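Let me begin by presenting the structure, written as structure tokens, before commenting on it.
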Amino acid sequence: MDASRFDALTRVFGATRSRRQTLAALTLGALALAKSAEGSTAGPGCKDVNAKCQKANDCCSGICKGKKGKKKCKAHDASTCLAGQNSCGIKEDIACRTTAGVKGSCFTTTGNAPYCGADGDCFACTKDADCKAAFGQQAACIDCADCPETGNVACVGINRNVIE
């Protein structure tokens with residue numbers, strides 16, 4: 001990993017992590033990699049935001065809402081972020097404020113939804129649900145070109161573990 005890539009990752013994922021959080025992230029990452037090696041049904045099979053769905057598990061975001069027969073996958077924690085904005089891998093963050101009220105950056109989820117996150121790390125994930133144990137209930141799985149070791153994805157949460 002070159003110095004500029006390392007600097008970019010530490011800026012985006014620069015929050016201080018406890019040993020427990022680091023161990024949880026590593027354990028879940030190993031489990032996700034093992035599961036994907038077994039041919040998991042998650043991932044490419046999950047539906048993007050605004051796609052028709054029948055149940056929450058159909059959606060990458062884990063949210064399926066609407067009237068019966070007209071349900072669609074919905075985004076969460078977008079804040080002021082717009083579709084297509086992604087701070088992962090760029091020099092200047094696209095700033096936002098998370099729903100937890102902390103300074104964050106805009107990202108694009110694996111379900112093509114805008115998301116405002118504050119704390120994250122390269123992590124093998126396919127759906128937002130894969131990130132919840134390590135990064136909280138409102139975490140998201142995002143596209144991140146700076147994470148080739150995890151298939152260009154990472155997990156991001158809405159809280160930061162450092163005082164701003």
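Note that this is a predicted model, so its numbers are computed, not measured.
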- Any chance the side chains of Asp77 and Thr99 put a donor and an acceptor closer than 3.5 Å? yes
- Counting N and O atoms only, with roles assigned by atom type, does the side chain of Ser87 sit under 3.5 Å from a partner on the main chain of Ile94, one being a donor and the other an acceptor? yes
- Query: Lys103 side chain to Ala95 main-chain N or O, any donor-acceptor pair under 3.5 Å?
  - Reply: no
- Task: Using only the SG atoms, establish whether Cys155 and Cys131 come within less than 2.5 Å of one another.
- Result: yes
- Message: For the cysteine pair Cys147/Cys122, does the gap between the two SG atoms stay under 2.5 Å?
- Response: yes
- Over all heavy atoms of both residues, which pair between Ala75 and Ile63 is shortest? Give the atoms and the distance, please. O-CD1, 4.2 Å
- Message: So which atom in Ala145 and which in Pro148 form the shortest heavy-atom distance, rounded to 0.1 Å?
- Response: O-CD, 3.8 Å
- Message: For a 4.5 angstrom cut-off between non-hydrogen side-chain atoms, does Thr110 reach Asp143?
- Response: yes
- So does Lys55 pair up with Asp58, basic N to acidic O under 4.0 Å? yes
- Message: Show every side chain to side chain donor-acceptor pair (under 3.5 Å) that has at least one partner inside residues 62-76, sequence neighbours left out.
- Response: His76-Asp128
- Query: Donor-acceptor pair, Ser79 side chain versus Arg97 backbone, under 3.5 Å?
  - Reply: yes
- Side-chain touch Leu82/Pro114, heavy atoms, less than 4.5 angstrom: no
- Query: Does the Cys116 SG fall under 2.5 Å from that of Cys81?
  - Reply: no
- For Asp146 and Gly89, indicate whether the former's side chain and the latter's backbone hold a donor-acceptor pair under 3.5 Å. yes
- Looking at Thr80 and Cys96, what are the two nearest heavy atoms and their distance? OG1-CB, 3.7 Å
- Message: Is Cys59 disulfide-linked to Cys73, taking SG-SG under 2.5 Å as the test?
- Response: yes
- Query: Going by heavy atoms in the side chains, are Tyr115 and Ile158 under 4.5 Å from each other?
  - Reply: yes
- Roughly how far, to the nearest 0.5 Å, is CG of Asp130 from CZ of Phe135? 12.0 Å
